[in-house]
Q: 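Take a look at this one; I'll ask things after.
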Amino acid sequence: MACGGAAFPRRASVPRRRRFQFPKLPKPRITASMCLYQFLIAVRSEGQNLTNEDGETTSHLMGFFYRTLRMMDNGIKPIYVFDGKPPQMKSGELAKRGARRAAAEVSLKEAQEAGEQENIDKYTRRLVRVTKEHNTEVQQLLTLMGIPFVVAPAEAEAQCAALAAAGKVYGAASEDMDTLTFGTPTLLRHMTYSENRKKPINEVSYEQVLEGLEMTKETFVDLCILLGCDYCESIRGIGPHRALALLREHQSIENILASLDPDKFTVPEDWPYAEARRLF
DNA sequence: ACTCTGTCTCAAGACGGG
DNA sequence: TTGAGACAGAGT
DNA sequence: CCCGTCC
């Protein structure tokens with residue numbers, strides 16, 4: 001569930017920042033159920049989620065309710081986009097995730113026995129899982145509030161980008177740089193703490209990014225793959241600077257691979273970069 | 001000297017009273 | 001989970 | 001700004 005599909009700022013209370021600071025570009029990652037997840041993790045009192053009389057969690061509803069009101073107050077009309085099915089995940093990743101989870105459960109039990117409140121909180125958070133019910137409850141709330149939402153066929157980020165590209169919304173709000181790779185004309189970062197005065201909303205223009213990097217959509221996608229995305233590995237030893245330099249010189253991953261010194265850089269075996277490229 | 005990796009840390013929402 | 005920031009250490 | 005409260 002990506003947190004914000006999109007927005008129509010009426011009066012620009014949206015500060016603009018145009019420059020794309022390349023070296024700070026984080027590795028793109030899919031952060032699917034981020035809002036929901038964050039609310040469940042953060043909205044707590046004494047280590048517990050807020051609940052109704054029957055003990056059912058209400059943290060996520062509180063979070064969505066207040067955040068949406070705040071956006072409306074600021075003239076922003078959100079359209080929420082929920083994640084559909086994510087693309088296949090490698091069984092290795094799933095196993096790792098399961099192992100981490102099990103480890104956290106063990107640690108939680110230890111902390112409980114030792115009565116270490118801090119650790120109890122820590123591991124409880126680590127075990128938070130977003131359920132189907134959480135999703136439907138939030139959707140119900142949004143319906144009652146008259147706030148539109150869509151369920152994406154696959155990844156929310158891709159859907160956000162599509163909505164923005166089609167001109168249905170002002171932009172795609174996400175922390176995830178992949179949204180840009182999916183081709184949203186405008187990416188809004190830090191929408192969540194806009195009024196929270198920590199960081200200004202960061203408006204990134206796809207066009208200006210391409211211009212600034214002197215890249216085409218195609219080379220930009222290749223760049224993002226080189227930097228590491230969720231769909232495949234990246235090449236060890238190649239970070240932002242080298243990736244950019246190499247693409248400037250060779251224009252595509254294929255050409256780079258052909259000229260890369262195999263003694264210095266090892267490319268992952270059966271590297272599915274082409275497949276990753278298709279997904280963008 | 002610069003770039004990249006690994007490892008560590010920390011926080012994670014929103015509100016309002018004082 | 002994620003992201004950010006800081007830092008040490010190794011590779012180019 | 002900090003910190004307790006929200007359920």
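By convention in this document, chain letters (A, B, ...) are assigned in the order of the sequence lines, proteins followed by strands, and residues within each chain are numbered from 1.
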Q: Can A:Glu207 and A:Lys217 be counted as an ion pair, charged N to O under 4.0 angstrom?
A: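 Salt bridge flag = no for A:Lys217 with A:Glu207.
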Q: When you compare the side chains of A:Asn52 and A:Glu56, does any donor N or O come within less than 3.5 Å of an acceptor on the partner?
A: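 On atom types as modelled, these side chains qualify, holding a pair under 3.5 Å.
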Q: Rounded to whole Å, please give me the gap between CD1 in A:Ile41 and P in C:dT2.
A: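 One finds 11 Å between P of C:dT2 and CD1 of A:Ile41, rounded.
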Q: I want to check one thing: is the phosphate of B:dC4, taken as OP1 and OP2, less than 4.0 Å away from some side-chain N or O of A:His241?
A: yes
Q: Report the distance from atom CZ of A:Arg70 to atom P of D:dC6, rounded to the nearest whole Å.
A: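 In whole Å, D:dC6 P and A:Arg70 CZ are 19 Å from each other.
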Q: Give A:Arg44 one of three labels, base, sugar-phosphate or nothing, depending on what nucleic acid heavy atoms sit under 4.0 Å from its own.
A: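 Base, at least one base atom sits under 4.0 Å.
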Q: Could you state the CZ-P distance from A:Arg126 to B:dA11, rounded to the nearest angstrom?
A: 14 Å
Q: Rounding to a whole Å, what distance do you find between A:Leu61:CG and D:dC7:P?
A: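 Checked: the CG to P distance equals 12 Å.
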Q: Expressed as a whole number of Å, how far does the P atom of B:dA12 sit from that of D:dC2?
A: 12 Å
Q: Examine the side chains of A:Glu211 and A:Tyr206 and answer whether a donor and an acceptor come within less than 3.5 Å of each other.
A: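 No donor-acceptor contact under 3.5 Å links the two side chains.
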Q: Output the single nucleotide from D:dC6, B:dT5, B:dA14 whose closest atom is nearest the side chain of A:Arg236.
A: B:dT5
Q: Given D:dC6, B:dA14, B:dA12, identify the nucleotide with an atom nearest to the side chain of A:Tyr66.
A: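 Ranking D:dC6, B:dA14, B:dA12 by closest atom to the A:Tyr66 side chain puts B:dA14 first.
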Q: Assign A:Thr51 to base, sugar-phosphate, or nothing according to its heavy-atom contacts below 4.0 angstrom with the strands shown.
A: base
Q: Given side chains that start at C-beta, do those of A:Val150 and A:Tyr80 come closer than 4.5 Å, heavy atoms only?
A: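 No, every pair of side-chain atoms sits at 4.5 Å or beyond.
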Q: According to the interplanar angle, ranging from 0 to 90°, do the rings of A:Phe149 and A:Phe82 count as parallel (below 30°), tilted (30 to 60°) or perpendicular (above 60°)?
A: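 A:Phe149 vs A:Phe82 ring planes: perpendicular.
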Q: Tell me the interatomic distance from A:Arg125, atom CZ, to B:dG13, atom P, rounded to whole angstroms.
A: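 So the two atoms are 11 Å apart, to the nearest Å.
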Q: Side chains of A:Leu188 and A:Asn202: closer than 4.5 Å at any heavy-atom pair?
A: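 They are not in contact (no side-chain heavy atoms under 4.5 Å apart), so the answer is no.
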Q: With distance as the sole criterion, is a donor-acceptor pair present between the side chains of A:Thr179 and A:Glu157 under 3.5 Å?
A: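 Their side chains do contain a donor-acceptor pair, which is all the 3.5 Å distance test asks for.
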Q: Identify the pairs formed between an N or O of the protein and an N or O of nucleotides 9-12 of chain C at a distance under 3.5 Å, and give each distance.
A:
none

Q: Output the rounded distance in Å from CG (A:Leu50) to C1' (D:dT5).
A: 9 Å
Q: Please state whether the phosphate of B:dA12, meaning OP1 or OP2, lies under 4.0 angstrom from any side-chain nitrogen or oxygen of A:Gln38.
A: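 Checking B:dA12 against A:Gln38, no side-chain N or O comes under 4.0 Å of OP1 or OP2.
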Q: Taking A:Thr57 for its side chain and A:Ser59 for its backbone only, find out whether a donor-acceptor pair lies under 3.5 Å.
A: no
Q: Of the candidate nucleotides B:dG13, B:dT5, C:dA4, which contains the atom at the shortest distance from the side chain of A:Arg189?
A: C:dA4
Q: P atom, B:dA11 versus D:dG4: distance in rounded Å?
A: 15 Å
Q: Can you tell me the distance, in whole Å, between the NE2 atom of A:His190 and the P atom of C:dT2?
A: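 Distance, rounded to whole Å: 17 Å.
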Q: Which part of the nucleic acid does A:Gly63 contact within heavy-atom distance under 4.0 Å: base, sugar-phosphate only, or nothing?
A: nothing
Q: May I have the distance from A:Arg67 (atom CZ) to B:dA14 (atom P), rounded to whole angstrom?
A: 4 Å
